[in-house]
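Letters A, B, ... mirror the listed sequences (proteins, then strands); counts begin at 1.
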Amino acid sequence: MSVLTRRAVAVTGAAAVTLVLAACGESGGDSGSGSTLKISANAVAGGKNEQEAKWIEEWVIPKFVEKKKADGEEVKVTFEPSGVDDEQYKTKLALDLQGGSGPDIMNLDGIWIGEFAQAGYIKPLPEVVTQADFWDGWDQIPDSVQKLGSFENERYGIPAGTDGRVLYYNKDLFEQAGLDRDWQPTSWDEMIEAAEALNGLDGVTPIQLNAGTAMGEATTMQGFLPLLAGAGEHIWDRGKWRGDSEAVTETLALYETIYGDGLGDPLLQQEAQGRDKSFEQFADNRIGILLEGDYFWRSVVSPDTGIAPMEDRDEVVGYAKIPAIEPGGGIHGQDFASMSGGSARVLNPETDNPELAFELLTFMNSEEAVKALLDGEARITARTDVNEEVLADDPMLKFVSDEVLPVTAYRPGLADYTRVSTLLQEATAAVVSGSSAEEAAEAYRGKLEGVVGGAGNITN
Amino acid sequence: MTRPTEPHATPAPPHDERGPREQSGEPATAAGPSRSDGPQHARRDSPEREAAKQQARKAVAGIGFYTFISLLLAFFALPLLWLATAPFDSSPGLSVSVPDFTLQNFQVMWDNPYALRSIGNSIILAGGTGLLVVVFAALASYALSRVRLPGRDMLLYVLLLLSSIVTGTAAMVPLFNLATELKLIDSQLGVILILTGGLLPSAIFILKDFMDGTPQSYEESARVFGASPLQIVRHIVVPIVRPGLATIAVWSVAQVWGNFLIPFLLLRSPEKSPAAVVMYTFYTEGGQANLALISTFSLLYSVPVILMFLFVSSRYGFRFHGGIKR
Amino acid sequence: MPETSPTDTSTGTLGNGSKGRPSAGAPAARESGGDAAGLGRRRAAGFVAPSLLLITAFLLFPALWTIYLGLTDYRLTGFAAADPQMVGLDNFTNAIGDDRFSNSLVLTLQFVLGSAVLGQAVIGFTIAWLMRNRTGALRRTVEALVLLAWILPSSVITFLWIALLDRDGGTFNALINTPGTAWLLEYPMASIIVFNIWKGAAFSMMLYAAAIGNVPPSHLETARLAGASTWQQLRDVVFPRIKGHILTNLLLISLWTFNDFTPFLLTAGGPEDRTEIMPVFIYKIALQSGELGFGAAISVLMLLINLVIALVYVRLLRQRKDKTA
């Protein structure tokens with residue numbers, strides 16, 4: 001039996017109240033008239049993702065309006081900024097969409113595509129706009145990156161950019177510990193050996209591997225999942241979730257080694273501001289090795305714009321690919337592994353002007369627009385043509401683009417993923433506070449059954 | 001503000017914990033003769049000894065009192081220190097330190113497109129809600145107090161309990177869809193109405209007890225002189241319960257002032273967002289708090305409620321006269 | 001309540017205190033329920049109507065709808081959002097069987113008992129008692145500070161506490177010389193309890209100040225002259241007269257504390273669910289995982305628990321009345 005959750009109930013209740021209150025209500029102010037478009041992103045001037053907010057307000061909107069004017073069409077484009085936790089932004093969008101409203105174009109994290117699609121909030125692009133597959137920009141976006149905006153092999157949105165995860169290390173500390181300034185471990189053992197050498201230094205946390213629930217998704221993305229890929233498994237494989245498999249247990253065992261032997265700081269993992277602190281400490285030469293995304297390089301330790309700037313970043317901060325458990329032990333028999341994320345811009349299927357909205361969407365993802373967004377900054381975009389140009393001067397991002405992206409993997413964009421991710425975070429937390437890897441894996445498996453709907457959806 | 005009761009009309013009795021300031025000299029002088037009398041007189045001079053003991057006890061009580069008050073003040077003041085230093089620090093951390101003085105943070109705040117406006121929005125939302133809550137709750141609580149409506153106590157309890165559901169996260173879909181149907185999305189009025197609905201039960205609950213505790217003789221006299229019920233409420237009841245109304249107003253303003261979820265979900269234009277929502281935008285891409293902005297904004301964000309508090313407490317006194325009771 | 005006994009009425013306090021005392025207690029005239037202003041039922045209904053309307057629209061209706069959602073598997077995204085199914089009481093049975101729920105309930109009870117019933121009420125009463133005969137700067141300072149903690153926005157005060165309790169640069173560690181102690185991690189529950197006492201003591205303080213003001217000063221004096229200790233005065237003179245206030249106070253602060261989400265901003269429910277009190281649990285379920293049906297069911301369970309708490313207090317209140325009557 002299907003259930004009334006949305007309008008029907010709302011209307012019933014609303015009707016009763018409207019009699020009295022309708023007079024007071026202001027207009028909802030939604031799109032309404034012919035050529036109005038609204039863009040939404042979790043970005044706001046003076047706050048989170050300011051660069052993107054300014055780009056939309058100061059570049060995209062005026063340029064697009066101008067362009068349409070040249071075509072003889074008057075359009076109005078508005079921007080609805082946000083600047084909150086991703087979950088809150090997602091909730092707000094979902095509420096809008098389930099109520100049949102919402103912006104025409106919106107930024108979605110790649111992993112929300114699946115659950116939004118399943119809920120019917122978004123539709124494959126060709127269903128919204130017939131000519132969607134004929135956009136010339138698709139050729140510039142590598143297939144692996146297109147996965148970000150796709151679900152079950154259908155394009156739902158245009159990827160905006162991607163990233164990759166690496167091991168950062170402090171070359172000065174390595175030297176003090178008698179290690180080589182150039183470092184590329186080829187197995188987990190080599191990683192641990194380096195950490196043990198660093199352990200001799202005073203006041204230095206040898207390795208910071210995100211764990212615990214306080215760090216949220218950072219634990220899964222900058223911790224568990226790239227390691228699991230290095231142990232040879234995807235968390236979601238051929239329609240099933242991974243249970244307490246060998247690779248899962250081995251990954252947890254690595255946490256056990258690091259935190260059991262005092263190579264990592266267990267308290268840092270539990271603090272609500274733990275990740276910020278790990279950044280501060282790394283910048284302060286108090287962390288030897290840190291698993292982070294390229295965001296860390298661009299926005300955290302960047303000497304100019306970082307939040308924990310390191311004047312001598314280019315000399316002191318080294319980066320290495322994340323090794324598989326042993327050479328050839330990773331997914332697809334790889335020697336190295338990583339995880340990538342990123343966002344995509346999608347169309348609201350309820351938009352009043354699908355053609356126009358798609359035009360704006362492609363405009364936002366054109367070479368010119370993407371370059372304008374970067375405004376001279378180096379960043380890994382979805383477009384090959386832009387990457388070739390902007391990454392040339394940044395060896396680190398070029399390293400990610402050339403070396404890491406080919407071995408990377410993406411998270412499954414399913415509604416259950418968030419909960420599975422939380423379970424993984426809990427499992428790492430349990431290990432950090434003293435459980436054995438086996439116990440934690442077993443407990444994880446037990447809870448997993450409740451989350452994904454029974455043992456039938458789990459594989460080892 | 002002095003209290004309306006007149007306990008001080010009588011001279012301070014011996015046990016009054018009036019505090020050592022007035023007593024500080026006494027124990028020594030009282031203890032002096034008692035000691036010189038020597039121990040053998042102890043039994044005979046017991047009234048004096050008793051007095052001395054009492055004085056000593058008082059002194060100890062005084063010391064205890066001030067120690068306790070000092071600790072209490074420290075406990076309540078300590079967390080506030082950060083708010084006094086960090087906004088003026090050029091690179092604020094989490095520790096309280098003499099700031100490396102700068103007003104740069106305020107400049108940045110001034111330049112932020114939403115920061116100052118958001119304070120104005122908070123004032124609109126909080127003021128609007130406060131007004132509705134006070135007016136409606138006053139009327140309702142007065143009527144409930146004076147006229148027997150069947151099942152009114154039960155009703156109040158049920159509403160009080162239900163308000164906990166609606167202020168929680170789980171009700172966000174019903175509230176959101178309701179607002180959508182009523183065309184109250186992106187409307188400050190919508191936020192005000194929803195918040196008012198959530199705060200009213202507690203407000204009525206508290207105010208009704210105020211009303212129960214006020215004397216009715218004036219109302220009767222006024223009625224004899226032909227005043228209408230509304231006039232009676234305005235000119236007789238309101239002045240008497242004014243401190244209670246002020247307290248409820250401050251309480252509801254404070255509730256709205258800090259509320260994040262409802263305005264966040266219902267308002268769309270950043271120009272309408274209140275400070276509670278804007279404060280959450282001072283984070284970087286990776287979710288790190290921008291302490292310079294946050295501390296400075298916290299200060300700005302706090303100033304209006306502090307002013308309101310000072311105003312209300314100097315004007316009306318800030319307490320429950322008569323108290324709430326059942 | 002109409003049955004309020006004469007000793008319980010506020011003989012000493014009269015609003016703004018400018019007009020002298022009401023005619024000697026006159027209990028009959030002051031019974032609530034006496035319609036002194038000649039309101040009449042119809043006008044009374046008119047007075048109640050605006051509140052009732054808003055409450056019905058924005059509280060009663062969403063609350064009932066939430067209860068209904070609790071019977072479905074509705075989620076914010078995924079298949080269950082497109083086509084939610086009626087699942088009966090499954091959400092409720094699942095919740096009750098869920099370790100996280102029972103863990104959360106125990107933590108919430110600890111939190112309410114520690115911070116509201118013991119903390120806020122005791123500190124609030126103590127301040128009110130100590131300040132009862134004082135006027136002037138000391139009293140104003142104490143009250144202002146306590147009230148400030150109460151009215152400052154929660155996002156601000158949580159930041160203040162994060163700064164206070166910080167492991168590295170926190171003022172508290174510097175003050176009591178315990179460098180490196182991560183209070184929010186090592187003593188998470190104690191931390192949020194102390195935090196909530198700090199935040200909420202003001203309400204109890206105000207309420208008890210008013211209540212103590214209602215105790216006839218002559219009674220206290222008599223007790224004092226008879227040589228009663230402070231404790232004896234409290235036990236024999238004060239408490240019997242303010243029992244009603246105590247129960248109202250405990251009822252309100254218990255309910256408020258039970259539904260208080262603010263500790264989330266301090267600890268995010270962690271470390272490892274050790275401060276995952278009920279509102280935080282619901283937030284995580286409903287907002288972070290988008291499981292609105294399940295979240296709604298837990299809200300309803302929470303409501304039932306609140307109901308039990310309220311019933312206990314109301315029963316205590318009744319007993320008191322029976323005794324005094």
Let me know if C/Leu251 has heavy atoms under 4.5 Å from chain B in its side chain, its backbone, both or neither.
side chain
Engaged part of C/Ala201 at the chain B interface, taking heavy atoms whose separation is under 4.5 Å
side chain
Counting heavy-atom pairs closer than 4.5 Å to chain C, which one of B/Phe136, B/Phe75, B/Phe76, B/Phe68 comes out on top?
B/Phe76
Salt-bridge test for B/Glu219 and B/Arg223: reply yes if a basic N is under 4.0 Å from a carboxylate O, no otherwise.
no
Of all the heavy-atom pairs spanning B/Ser145 and B/Asp212, show the shortest one and how long it is.
OG-OD1, 2.7 Å
Options B/Pro201, B/Ala86, B/Ala222, B/Ala275, ranked by heavy-atom pairs under 4.5 Å with chain C, top entry:
B/Pro201
Which residue out of B/Leu310, B/Ile236, B/Leu81, B/Ile69 racks up the most heavy-atom pairs below 4.5 Å with chain C?
B/Ile69
Please look at C/Ile309 and chain B and tell me whether the side chain, the backbone, both or neither of the residue comes under 4.5 angstrom of a heavy atom of that chain.
neither
Side chain, backbone, both or neither of C/Leu220 within contact of chain B (heavy atoms, under 4.5 Å):
neither
Heavy-atom proximity to chain B below 4.5 Å, by part of C/Leu165
neither
Heavy-atom cut-off 4.5 Å, strictly under: side chain, backbone, both or neither for C/Leu59 against chain B?
both
Most contact-rich option vs chain C, by heavy-atom pairs under 4.5 angstrom, among B/Ile306, B/Leu195, B/Leu155, is B/Ile306
Under 4.5 Å from a heavy atom of chain B, the part of C/Thr171 involved
side chain
Name the region of C/Ile127, side chain, backbone, both or neither, that has any atom closer than 4.5 Å to a heavy atom of chain B.
side chain
Which bit of C/Tyr283 is near chain B, if near means a heavy-atom gap under 4.5 Å: side chain, backbone, both or neither?
both
Where does C/Thr126 contact chain B at under 4.5 Å (heavy atoms): side chain, backbone, both or neither?
side chain
C/Ile285 versus chain B, heavy atoms under 4.5 Å apart: side chain, backbone, both or neither?
neither
Check whether C/Ala149 gets within reach of chain B through its side chain, its backbone, both or neither, counting any heavy atom under 4.5 Å.
side chain
If I measure from the heavy atoms of chain C, does B/Ile204 come under 4.5 Å with its side chain, its backbone, both, or neither?
side chain
